[in-house]
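Chain A is the first sequence line, chain B the second, and so forth, proteins listed ahead of strands; every chain is numbered from 1.
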Amino acid sequence: MGNELTPRATDYSQWYNDLVLKGGLADYSAVRGCMVIKPYGFALWENMRDQLDKMFKETGHVNAYFPLFVPKSFLEKEEGHAEGFAKECAVVTHYRLKSDPNNKGKLIVDPEAKLDEELIVRPTSEAIIWNAYKDWIQSYRDLPLLINQWANVVRWEMRTRLFLRTTEFLWQEGHTAHATSEEAIGEAEKMLHVYADFVENYMALPVIKGVKTANERFAGALETYCIEALMQDGKALQAGTSHFLGQNFAKAFDVKFLSKENKQEYVWATSWGVSTRLIGALVMAHSDDEGLVMPPRIAPLQVAIVPIYKGPEQKAIVDAKVDEIMKALKAKGISVKYDDSDNVRPGWKFAEYELKGVPVRIAIGQKDIENKVVEVARRDTKEKQSVPQENIAEYISQLLEDIQQNLYNRALAYRDDHITKVDTWEEFKQVLHEKGGFVSAHWDGTSETEDKIKEEVKATIRCIPLDNPKEDGVCVYSGKPSTQRVLFAAAY
RNA sequence: CGGGAAGUGGCGCAGUCCGGUAGCGCACUAGGCUGGGGGUCUAGGGGUCGCAGGUUCGAAUCCUGUCUUCCCGACCA
């Protein structure tokens, strides 16, 4: 009641919005295109962030923080980069307000406080960071420089969607500098594998690792690597990117190092990032008509316990047993909440924890205590069963792993079932419109063909998979010769 | 940024055409009966009708502007 979600089949977009809003992940704000990440959503982000941060540190990276503002002249230095971001930048032109002399109580921009040079609110930080790297790097001994920052960025999008595309969003951006091209490419690939590891093993979301075509490449990059995930409506979503930037930024910002051979050389760069968009991917990949479904390894809450009782005497008995169970669960590092609030009844709580996607729910009442069992319900399959209280922590611990694995397997089965090989243009259009998902087809390798396909059917090349087998064929659109299949899809 | 729709207690809506000072369900507060899938009874509290102007004796209602959101499109790493 009052918390009804729009079913997926009725309106997928509305279902997604309902989940995010009613599941308590985020809310709209008074600022166009910007959202409020609510505590439950932020707890999820914190779990994702903490795990990623650990993985970055394990691969030798350190965190730093660079300014929110980028002088316009810095952004201009790398031409491709500048062109790519120019259209979506927020610009600071003044540094002061003053009282409006004609309208008491109102403020106006003080025309005398105009900045000599406009500041751009960072859409990404390559420019400000490479300006700093110039001073930090002199010798090959200063390399590699492996820095990450957790930050917010602003991209002035025309059309926004909660988590998937907002004007301001949170992310991490790694920016590394290397002595050789090979090492930089290795770094970009390594971080792509870190992302894939995280998304698959923690978010239970299978991804395809690949490289982008020139059309989809990051502004200023020589090569963009990506992980692509598939959503339940058959649309693809770029879950993370890693870029080999060559020497473009080193040249733009004049960052040179003295090699072992005592020669001045430009450094080689990478950058890589994932954002709060991953939360959108998580929601769209696993959830159902009852609500969110959180993968146990990053769930803000793993287990909710609901007491069933009549009167204070029974409540006291249940409380004591729950206390015992909670201690055992916590000892295994499982996050657990005992919901003994008296203002709603058990049925309401059941529905609420399903909406929130809590992986496991335990209900315990008089009968269970007599039988030395608890009722365990798993969110992914909605199965319920009585489980002995003895060794309950081990059971739950294993169950959480089972759920994690089941979510991954389910998403993988769906994904694999939605990669369709096609060899004719008619088939291509039919599969794209009727079945959705990735369409594996031959492509002649030209931007022109890619553009035409995009124009005609709204599908883009999501990636050329990393381990793509070579296979002679003809382009599905132009009929020209092709050496391999690539993955097309409609995308977020 | 173009086309369409919407904004009325925390949430979902009615009222707007035809102007007369705001109502329903859920939620909330207090208490009771309850308690294994969104209980129930009684008594309560809460709203500058998105915001700003205008028309009028009088505006949620008519007019103008503006902000926010949704859907479609264009755009977007």
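Residues from residues 361-377 of chain A lying near RNA chain B, meaning a heavy-atom separation below 4.0 Å, are A/R361, A/A363, A/G365, A/Q366, A/K367, A/D368, A/E375 in numerical order.
Within the structure, every side-chain polar atom (N or O) of A/Y353 is placed at least 4.0 Å from both OP1 and OP2 of B/G37. Within the structure, a side-chain polar atom (N or O) of A/R32 is placed less than 4.0 Å from OP1 or OP2 of B/U68.
A/E324 and A/K321 are joined by a salt bridge, as a carboxylate oxygen and a charged side-chain nitrogen come within less than 4.0 angstrom of each other.
Checked against ring-ring contact (aromatic ring centres under 6.0 Å, His included), A/H61 has the following partners two or more places apart in sequence or in another chain: A/W272. Looking at residues two or more places apart in sequence or on another chain, you find a ring-ring contact (aromatic ring centres under 6.0 Å, His included) between A/F428 and A/W425, A/F488. Under the ring-ring contact (aromatic ring centres under 6.0 Å, His included) criterion, A/W15 pairs with A/Y12, sequence neighbours left out.
For B/G37, its base sits under 3.5 Å from the side chain of A/E354 at one donor and acceptor pair at least. A donor-acceptor contact under 3.5 Å links the side chain of A/K384 to the base of B/G37.
A donor-acceptor pair shorter than 3.5 Å can be found between the side chains of A/R8 and A/Q232. Remark: the A/Y477 side chain and the A/D444 side chain contain no N/O donor-acceptor pair separated by less than 3.5 Å. Judged purely by distance below 3.5 Å, without hydrogens or angles, the side chains of A/D339 and A/Y353 pair a donor atom with an acceptor atom.
The distance between atom CH2 of A/W348 and atom P of B/U40, rounded to the nearest whole Å, is 15 Å. Rounded to a whole Å, the NZ atom of A/K349 is 14 Å from the P atom of B/G38. Computed from coordinates, the A/R345 CZ to B/C41 P distance equals 12 Å when rounded to whole Å.
Across all strands, A/F218 comes closer than 4.0 Å to base atoms (heavy-atom distances). Within 4.0 Å of A/G240, counting heavy atoms only, lies no atom of the nucleic acid at all. Here A/D342 lies in heavy-atom contact (under 4.0 Å) with a base. Within the nucleic acid shown, A/V306 has no heavy atom closer than 4.0 Å to any nucleic acid atom.
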Enumerate donor-acceptor pairs with a distance under 3.5 Å from any side-chain N or O in residues 216-223 of chain A to protein atoms, sequence neighbours excluded.
| from | atom 1 | to | atom 2 | distance (Å) |
| --- | --- | --- | --- | --- |
| A/R217 | NE | A/L222 | O | 3.3 |

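Side-chain contact between A/V255 and A/Y266 is absent, with no heavy atoms from C-beta onward closer than 4.5 Å.
A distance of about 41 Å separates the C1' atoms of B/A5 and B/A43, rounded to the whole Å. Remark: the separation of the C1' atoms in B/G4 and B/C76 is 22 Å, to the nearest Å.
Judged purely by atom type and a 3.5 angstrom limit, A/E78 uses its side chain to pair as donor or acceptor with the backbone of A/G80.
When each of B/G36, B/U69, B/G37 is scored by its nearest atom to the side-chain atoms of A/A351, the top-ranked nucleotide is B/G37.
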Could you go through nucleotides 71-76 of chain B and list every protein N or O atom that sits under 3.5 Å from one of its N or O atoms, giving the distance for each pair?
| from | atom 1 | to | atom 2 | distance (Å) |
| --- | --- | --- | --- | --- |
| B/C71 | OP1 | A/N17 | ND2 | 3.4 |
| B/C72 | OP2 | A/R159 | NH2 | 2.3 |
| B/A74 | OP1 | A/K458 | NZ | 2.4 |
| B/C76 | O2 | A/R165 | NE | 2.8 |
| B/C76 | O2 | A/R165 | NH1 | 3.2 |
| B/C76 | O2 | A/R165 | NH2 | 2.6 |

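As the counterpart of B/U66, B/G50 is assigned, both hydrogen-bonding distances of the Watson-Crick or G-U wobble pattern falling under 3.5 Å. The partner of B/U42 is B/A30, by the rule that a Watson-Crick or G-U pair needs both atom distances under 3.5 Å.
Of the two residues near RNA chain B, A/P312 and A/F169, the one whose nearest nucleotide lies more 5' is A/P312.
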